Each structure stands twice: as structure tokens, then as C-alpha cells.
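Have a look at this one before I ask anything.
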Amino acid sequence: MREVLAGTVTCHTEEELARKLARGNPLRVKLGVDPSSADLHLGHAVQLRFLRRMQDLGHQAVLIIGEATAMVGDPSGKDKTRPQLSRDDVRRNADTYLAQAALVLDMERLEIVPNSRWFDGMGFMDAVRLGASMTVARMLERDTFATRYKRGAPIGIHEFIYPLMQARDSVEVRADMEIGGTDQTFNLLVGRDLMRDAGLEPQVCVTLPILTGLDGVQKMSKSLGNAIGLTDSPRDMFGKAMSVPDAQMAEWFHLVAGLAPERVDELLAGSAREAKGALARRVVELYHGSQAGQLAAEEFDRIFRDKGLPDDIPESDLPGELVGDDGVWVVKALTHLELAPSSSAARRLIREGGVRVDGEKVGDEQRRLERGANCLLQVGKRRFHRVRVP
RNA sequence: GGGGGAAUGCCCGAGUGGUUAAUGGGGACGGGCUGUAAACCCGUUGGCUUUGCCUACGCAGGUUCAAAUCCUGCUUCCCCCA
């Protein structure tokens, strides 16, 4: 029991969990994921890691791929309506999603179920019946709906359906436990109601903490640009982890590092710089192996402490059409390489002294790279690109 | 079904006929400081080979020498009444 609940926020209810565990059968632990975006980040990993722990404790993990629900869009924690995705988007996302989940879960012992399996077959009247199991008043109790309603922001009817669909999944897979972030509490609890209605023993609902993003303020989310993706390169992971605010370190250690609590206390008691280095290294190790962690740490020191160069600077040849008699205009090179979004922006960067060629600041917006040159472009402190001019 | 209000740049939000890519804040980016932290300081933040030109204030038209600002229609959202 203690092992199961370590690191969780709430559990509805602990008594029921104890009862289920006491029977000695493996629990069916459900996690629903909406492949609304293809990339998983450390925030998702908090839940995946919990699921993995349950697997290691001998329980059956059930991963629901929300093919149907993703097309509706989960209103949780959103202050506006989410876009609805097409089936193709969803399918495509689901594949990459699973590949990334494999970084954490034991895929051999994972039950993967798309919820389109039952929703595709449902008729309109079935959906109406599903709707009858919930009241508007209860929906409006929800924080996200309440605030949106009060503020006069739109709420689509389909958004009321979402929790019911998620709950229906629990009935279909006969979940013993469903896990989710704390923002999922309501959705998880609806699952209990529907299971009871269906004559099943209600699932236990376990909520997990929501990881704060790199900005230290908002929850980690790709669209907010404050996320570390599970497939980020070791260097990016390390660098991003180093930029986590100090105040967030303890949280990150607990939620993403998976280190022994004594070790965490020890690190936090020491120098902040060292502790964060250990955290960053740990993150890389988890997803790229211990050697990568070591290398990333060394490289980081070299680039940022010793102001050196990274190992693998991307290289490319500039296309011939950019080359004039006097070579390639730096501004064009920057936009072509996507080191700047537009040539106006590239000019600005030059003006601000943020562009270097072979380590030297470019002072002239008209600066060219000579024909046949092979030089190192740098934008800001961390973006490098080596180019050959034909 | 009737009445009223709103729509501005990445976001929030000023601006209600004329020195204007459009006050302010947030975010982001660049520079300085540093531990790629925080705090702080400075700068930038529509596009274009940029003394200039082009495109922008929901969409489409119109009035005017001149419109984000006025008029008409449309779209979307909100509120009140039914």
C-alpha cells in the first residue's frame, strides 16, 4: 500500500485500495492518454513512471489510447476550447506516442487499447444515454467550467461529453485503478459513477502531481514551450534542465529524477549548481543512458562554463541560389538555416550583436560570407551552425 | 425570437477621423552580470536588401483629401429578456 501510494497526491479511496490489494490479484491500472500531440515530455513521464512502478509491483497496466476522446478534446485545465483533431492526426500521433512511452513502460506487459474500439460502434442514442448519466449542475461544479462560464468564455456541449467518454473507458476495461494528474480528478471520479451504474466495483482514483515547466510557473506543456521532451537530445535535455529555477529543484528531483530521498536531501543541501547538475545529468541518464549523461554534463561545462563549442554542431552546405558574386549575405544564411525567422529578425539580431561568424561579432548587416568559405555561425549563446559556401 | 455589447500585433489591453507599425503590461529574443538559476540593467519584438517600400487593428464593401476610429452588410463571441 505504501509502495503504491508513494509520490501520489490523492487516492479515492484508500480503504477501497486496501481491500483490492488484500485480495492479492494484480490490479488493472488504467492510464488514458490522448494522442493530441505526438510528443511526450517529462510531465507525461511522471504518470508513465508511476504506471511502470505498478508494473514492477506485478500489476497490469492498461494504456488507453484515446483515439475517440482526442477528437473531442479534454477541457480539463483549459481556459479555452481545444481544437479537435482528425482521425489521421490521431493515428499518426498514437504511433509516435507509443514509441516514446516505451522509454518508460515495460511494453511486453502492457495492455494497449484504443477507445475507438467501443466508441466507433456507438450510435447517437447510445451517446444520449451516456449523457443522461450526468447532470449539467455537476458539470458546472468543475473548476474549469465554472471559471469559463463566469468569465463568459465559450463551453462546447461536446466538452461536457468528454469526462463521460473517459469514464466509459473505465467501464469497458474494468479498471481497478485509474491514474491521472490532479487536474484529472473530476474525470477520474466520473469513472467511479459510471462503473457503479454498470454494476461494477468502482475504480480507485489516484492523482499524481503536475510537473511545473521550465519557467517555474506554469505546468509543463509543449505548447507553452516550457517542456523537456522525452526524445530531446541529451544536450537539450541537459541544458533545459539546468535552466529550471532553483525553487523548482526539489519538485523536479521528486517527480522526475526517481532518486532515493536521502540522496535528494543530500544534494539539495549542497551547492545549488552541483545539485542542478546532478538533476540534469539524471534526466539525461533516464532517457539516454548513463554514458550520455556523463557526456552531456561534460559538454555543458565546456560550452557554458568554459565558453567552448559543442561536439556535434549541425553542418550544411548553403544552396547555390543564395550565392552571389560577393558570396552569401549573412542575413540570408541565417533565415535559410532557420536561425532567424525572417530577414528582418536576422537584421535585428545582427544589430543587437547576437550574431557571430567564427567567433567574431558581426557588426555589419551587409556582411557576406565569402565563396568557398567554411565558417561557424553562432546566434545567441547556444545556437551554432557550421556552413560551407559553395 | 427580441434587445444590448464585443472583436486591435504572440497574449492581455490602450487608442474613437489626421505628426503612427499603433501607448502600456506580460511573454519571447539579443546584450551585460551570472551558475544557460533568480534578481537587476540596456535593447529588440509585422514583412521586404530597409535613407525607402509593402501589409496590418474580425471579414467584405462604402463615406472622406485622410479611417483601427464614421456608415452598411456579414461572421464569431458574450450579456439581458423570451
Side-chain angles (χ1 to χ4, degrees), chain A residues 78-81 83 145 147-157 159 212-218 221-228 232-253 267-268 270-281 283-284 296-310 321-336 338-357 360-369 377-384:
Chain A
K78 284 284 164 171
D79 48 11
K80 50 182 157 202
T81 306
F145 287 143
T147 46
R148 272 161 68 176
Y149 191 70
K150 221 178 294 162
R151 265 201 358 224
I155 302 171
I157 297 287
E159 297 185 82
T212 307
L214 300 176
D215 55 7
V217 181
Q218 292 184 277
S221 139
K222 194 185 169 205
S223 55
L224 292 173
N226 64 358
I228 296 183
D232 280 358
S233 68
R235 193 204 314 166
D236 282 351
M237 275 192 178
F238 198 97
K240 286 181 182 176
M242 285 303 281
S243 76
V244 170
D246 286 6
Q248 243 59 44
M249 268 208 284
E251 176 193 343
W252 273 58
F253 265 119
L267 284 165
L268 286 173
S271 116
R273 172 70 174 76
E274 303 252 317
K276 205 176 285 175
L279 172 65
R281 188 162 159 179
V283 170
V284 177
E298 285 168 9
E299 178 173 319
F300 181 86
D301 279 348
R302 196 168 63 243
I303 301 173
F304 295 105
R305 196 188 55 200
D306 309 329
K307 301 205 191 295
L309 298 177
E321 67 260 26
L322 291 183
V323 188
D325 292 338
D326 54 351
V328 176
W329 188 25
V330 174
V331 166
K332 281 293 170 207
L334 292 177
T335 51
H336 172 75
E338 294 181 342
L339 290 172
S342 68
S343 46
S344 296
R347 283 165 178 272
R348 258 179 247 129
L349 284 166
I350 292 174
R351 236 177 286 141
E352 290 163 347
V355 178
R356 287 164 188 273
V357 172
E360 277 182 47
K361 234 174 226 181
V362 175
D364 176 11
E365 280 176 36
Q366 296 302 324
R367 171 69 184 274
R368 314 281 149 162
L369 303 176
L377 282 176
Q378 180 180 358
V379 175
K381 292 188 175 107
R382 52 189 113 160
R383 284 138 72 209
F384 296 89

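Numbered from 1 within each chain, the chains take letters A, B, ... in sequence-line order. Since the model is a prediction, treat every value here as computed from it, not as a measurement.
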Original post:
Using the C1' atom in both, what is the distance from B:U20 to B:G1, to the nearest Å?
Top reply: 45 Å

**OP:** Could you let me know what B:A68 is paired to, Watson-Crick or G-U wobble, both distances under 3.5 Å, or none if it's on its own?
**Re:**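 B:A68 is paired with nothing.
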
Subject >> Nucleotide B:C29, atom P - distance to CG of A:Leu339 in whole Å >> reply: 15 Å

**OP:** Determine the interatomic distance between C1' on B:G62 and the same-named atom on B:G17; round to the nearest Å.
**Re:**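 Straight-line distance between the two C1' atoms is 15 Å.
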
Original post:
Would you say A:Gln366 and A:Arg347 make side-chain contact, with heavy atoms under 4.5 Å?
Top reply: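 The answer is yes; the side chains approach within 4.5 Å.
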
Original post:
How about A:Glu360: does its CD atom have over 12 heavy atoms from other parts shown lying under 6.0 Å from it?
Top reply: no

Original post:
So what does A:Gly239 hit on the nucleic acid, given a heavy-atom distance under 4.0 Å: a base, only sugar-phosphate, or nothing?
Top reply: base

Original post:
Given atom CZ of A:Arg383 and atom C1' of B:G30, what is their separation to the nearest angstrom?
Top reply: 10 Å

**OP:** Flag the pair A:Leu214 / A:Trp252 as yes when at least one side-chain heavy-atom distance between them is below 4.5 Å, and no otherwise.
**Re:**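 Counting from C-beta outward, A:Leu214 and A:Trp252 do come under 4.5 Å.
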
Original post:
Quick one: are A:Arg273 and A:Met242 in side-chain contact, heavy atoms under 4.5 Å?
Top reply: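 Yes - at least one pair of side-chain heavy atoms lies under 4.5 Å apart.
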
Subject >> Inter-nucleotide C1' distance (B:A66, B:G31), Å rounded >> reply: 41 Å

Subject >> Interatomic distance at P, B:G5 relative to B:U51, whole Å >> reply: 47 Å

Subject >> For atom CG of A:Leu334 and atom C1' of B:G30, their distance in whole Å >> reply: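 It is 13 Å, rounded to the nearest whole Å.
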
Original post:
How far, in whole Å, is B:A68 from B:G3 if one measures between their P atoms?
Top reply: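 B:G3 and B:A68 have their P atoms separated by 30 Å.
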
**OP:** Would you mind reporting whether A:Glu298 and A:Asp301 have side-chain heavy atoms less than 4.5 Å apart?
**Re:**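 A side-chain contact under 4.5 Å is absent here.
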
**OP:** Using a 4.5 Å cut-off on heavy atoms from C-beta on, say whether the side chain of A:Val357 contacts that of A:Arg367.
**Re:**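 Side chain of A:Arg367 against side chain of A:Val357, heavy atoms only: contact under 4.5 Å found.
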
**OP:** Provide the Watson-Crick or G-U wobble partner of B:U75, both distances under 3.5 Å; none if there is no partner.
**Re:**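 Result: B:A7.
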
Subject >> Partner nucleotide, any strand, of B:A21 [Watson-Crick/G-U, under 3.5 Å] >> reply: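 For B:A21, the partner nucleotide comes out as none, under the 3.5 Å rule.
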
Subject >> d(CG, A:Leu214; P, B:A38) in whole Å >> reply: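 From A:Leu214 CG to B:A38 P: 11 Å.
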
Subject >> Separation between the P atoms of B:A39 and B:U55, rounded to whole Å >> reply: 42 Å

Subject >> Distance in angstrom units between A:Leu349 CG and B:G31 P, rounded >> reply: 8 Å

Original post:
Where each residue is assigned the nucleotide of RNA chain B containing its nearest heavy atom, which of A:Val379 and A:Met242 is assigned the position nearer the 5′ end?
Top reply: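 Result of the comparison: A:Val379.
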
Subject >> Pairwise P distance, B:G18 and B:G26 [rounded to whole Å] >> reply: 29 Å

**OP:** Using whole Å, report how far CG of A:Leu279 lies from C1' of B:U36.
**Re:** 14 Å

**OP:** Report the distance from atom NZ of A:Lys240 to atom C1' of B:U36, rounded to the nearest whole Å.
**Re:** 13 Å

Subject >> Base versus backbone protein contacts along nucleotides 43-56 of chain B [heavy-atom cut-off under 4.0 Å; B, S, -] >> reply: BSS-SBBB------

Subject >> Pairwise distance CG(A:Leu322) to OG1(A:Thr335) - rounded to 0.5 angstrom >> reply: 7.5 Å

Original post:
Considering Watson-Crick and G-U wobble pairs with both distances under 3.5 Å, what does B:U36 pair with?
Top reply: none

Original post:
Could you state the interatomic distance from OG (A:Ser243) to CD (A:Gln248), rounded to the nearest 0.5 Å?
Top reply: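 That separation rounds to 11.0 Å.
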
**OP:** Report the base-pairing partner of B:A56 (Watson-Crick or G-U wobble, both distances below 3.5 angstrom), or none.
**Re:**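 Paired with B:A56, as far as the under-3.5 Å criterion goes, is no nucleotide at all.
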
Original post:
Expressed as a whole number of Å, how far does the P atom of B:U23 sit from that of B:G30?
Top reply: 23 Å

